[in-house]
Amino acid sequence: MSNPDLFTGKLVHLTAEDPETVAKPYCEWGRDTEFSRYLDSNPPFTFSEKKWKEWMEKDLEKTDNHFFSIRTLDGNQLIGFVALFELYWQHGDTMVAIALGPHEYWGRGYGTDAMNLMLRYAFTELNLRRVSLIVFEYNQRGIRSYQKNGFVEEGRVRGAMLRDGKRWDFIWMGAMREDWMRIQQESLRAS
Amino acid sequence: MSIQTQLFESARLRLGPIDHEKDPEIESRWTHDPVFLHGLSFNPARPLSPAQMKKRYEAIEKEIDESHNSFHFMVRSKEDERLIGLARIEWIEWSHGAGGLKLAIGDVKDRRQGYASEVMQLLLRFAFDELNLYRLSAVVGEDNLAGLALLKKFGFVEEVRRRKALLRDGQFFDLIHLGLLRNEWQPVEASQP
């Protein structure tokens, strides 16, 4: 039987949005360098609304597009995005990236809920075996959130990043399908 | 090393540009060998015709022009200009001084001759002393024993192990990320064949 709630979690749902709708908020989030420095190793840079729109339009044309916007269930607020990239079908492995724009939604379970939905999609719809991500050493909030969904540290790229005069590691984390399934069953039993 | 040092020459080998006339046919032959392809990429092995290879070379040069974050070398024998392999420094993040490294020897007959070690010495010197990178990464499958041995010989250490990220011939393998920091690099003075 199909799961009617594939894109709906406890706090958020994953949606597809037109570039016009999201270009403006994405552009605003991009001006927040704290946001950029959790999301990307490139030096923070501000993109125009037009540039965001063009980028999203191009991304939509790709056949292997797995880009979702994150909206709250309460009030349907657009708060972030989550996407799969570098997907290797033949190995059953993919990378994932997630970001929440407005600070008031950070550290309150919204990201964890969205990531859980993305993993459910990756493991039960795309039938992938594992999902990988890179988190920067200084993003402890991110690391704790990923651990809740079954991600474990698989290693550290030593000093891969130089920021504020300090060297930081890239931390690779991986979630295996069987670990994620076990967490789902445990939380089902608990509730 | 001095200003007079030839960065792209070792005892037997020379790193140089793509020859768009002669190389496509040779590398096309190499792409029929999955060992060659699996060492370079985690995509499914797929042979390329000389015409497809030609297109690939154009794409490589375009990408280098536009992104300014990779270097691509063809490896040739100094003695007879014969094409032996290829080598890349790629995914450079200039602001962090980090980059990736890749190399492959094409023909089975040219493997186990110490060519890869010679190329590695040139690549490391280029990456650390010319590009002034802080660190280099290489990603290899657990099944690529020759690749792992070569990297470890030059001081690369295992940093990341992505569990069962590779599925080949019905078997799971870990993907291993290795890294070498500039201050761990031991330059080899006289190149040993």
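What you are looking at is a predicted structure, and each value in this text was computed from that prediction instead of being measured. Naming convention: chains lettered A, B, ... in sequence-line order (proteins, then strands); numbering from 1 in each chain.
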Could you see if B:Tyr57 belongs to whatever hydrophobic cluster contains B:Leu103? Use Ile, Leu, Val, Met, Phe, Trp, Tyr and a side-chain cutoff under 4.5 Å.
no
Smallest separation among heavy atoms of A:His91 and B:Leu167, with atom names:
ND1-N, 3.0 Å
Would you say that more than 12 heavy atoms from the other residues, nucleotides or ligands in this model lie under 6.0 Å from the CG of B:Asn132, or not?
yes
Members of residues 17-47 of chain A whose heavy atoms come closer than 4.5 Å to chain B:
A:Ser41, A:Asn42, A:Pro43
Tell me if the CH2 atom of B:Trp91 is crowded by more than 12 foreign heavy atoms within 6.0 Å.
no
Quick one: do B:Phe126 and B:Met74 end up in the same hydrophobic cluster if we chain Ile, Leu, Val, Met, Phe, Trp and Tyr together by side-chain heavy atoms under 4.5 Å apart?
no
Decide if atom CD of B:Glu25 counts as having more than 12 heavy atoms of other residues, nucleotides or ligands within a radius under 6.0 Å.
no
Closest-packed option against chain B by number of heavy-atom pairs under 4.5 Å, given A:Trp89, A:Trp168, A:Tyr88, A:Phe170
A:Tyr88
Taking atom CG of A:Asp93 and atom CG of B:Leu166, what is their separation to the nearest 0.5 Å?
8.5 Å
Is chain A contacted by the side chain of B:Arg162, its backbone, both, or neither, given a heavy-atom distance below 4.5 Å?
both
For the backbone of A:Met176 and the side chain of B:Arg163, can you confirm whether one donor and one acceptor N or O come within less than 3.5 Å of each other?
no
Within 6.0 angstrom of B:Lys22 NZ, more than 12 heavy atoms from elsewhere
no
Nearest atoms (heavy-atom pairs only) where B:Pro44 meets A:Gln90
CD-NE2, 3.1 Å
Which one wins on heavy-atom pair count under 4.5 Å against chain B: A:Arg158, A:Arg156, A:Arg130?
A:Arg158
Sort B:Asn43 into side chain, backbone, both or neither according to what part of it lies under 4.5 angstrom from a heavy atom of chain A.
both
Check the hydrophobic clustering (I, L, V, M, F, W, Y; side-chain heavy atoms under 4.5 Å; chains of links allowed) and say if B:Ile84 and B:Leu150 are grouped together.
yes
Has B:Glu93 got a side-chain atom pairing as donor or acceptor with A:Met161's backbone, closer than 3.5 angstrom?
no
Using heavy-atom distances under 4.5 Å, tell me whether B:Leu180 contacts chain A through its side chain, its backbone, both, or neither.
backbone
Determine whether more than 12 heavy atoms belonging to other residues, nucleotides or ligands lie under 6.0 Å from atom CZ of B:Arg46.
no
Taking CD in B:Glu79 as the centre, count heavy atoms belonging to other residues, nucleotides or ligands within less than 6.0 Å. Is the count above 12?
no
Do the side chain of A:Arg163 and the main chain of B:His96 share a donor and acceptor less than 3.5 angstrom apart?
no
Near A:Asp74 CG, under 6.0 Å, is it more than 12 heavy atoms from other residues, nucleotides or ligands?
no
Do A:Met118 and A:Ile134 sit in the same hydrophobic cluster, where Ile, Leu, Val, Met, Phe, Trp and Tyr count as joined when their side-chain heavy atoms come under 4.5 Å apart?
yes
Mind running salt bridge (charged side-chain N to carboxylate O under 4.0 Å, His left out) on A:Glu153 and B:Arg161 for me, showing each step along the way?
CA-CA 9 Å; A:Glu153 182 175 321; B:Arg161 190 175 267 265; over 6 Å; no
Side chains of B:Tyr134 and A:Arg167, heavy atoms from C-beta outward: is any pair under 4.5 Å?
yes
Same cluster or not: B:Ile18 versus B:Phe73, using hydrophobic residues (I, L, V, M, F, W, Y) connected whenever any side-chain heavy atoms lie under 4.5 Å apart?
no
If you compare all heavy atoms of B:Ser137 against all heavy atoms of A:Val157, which two are closest, and at what distance to 0.1 Å?
OG-CG1, 4.1 Å
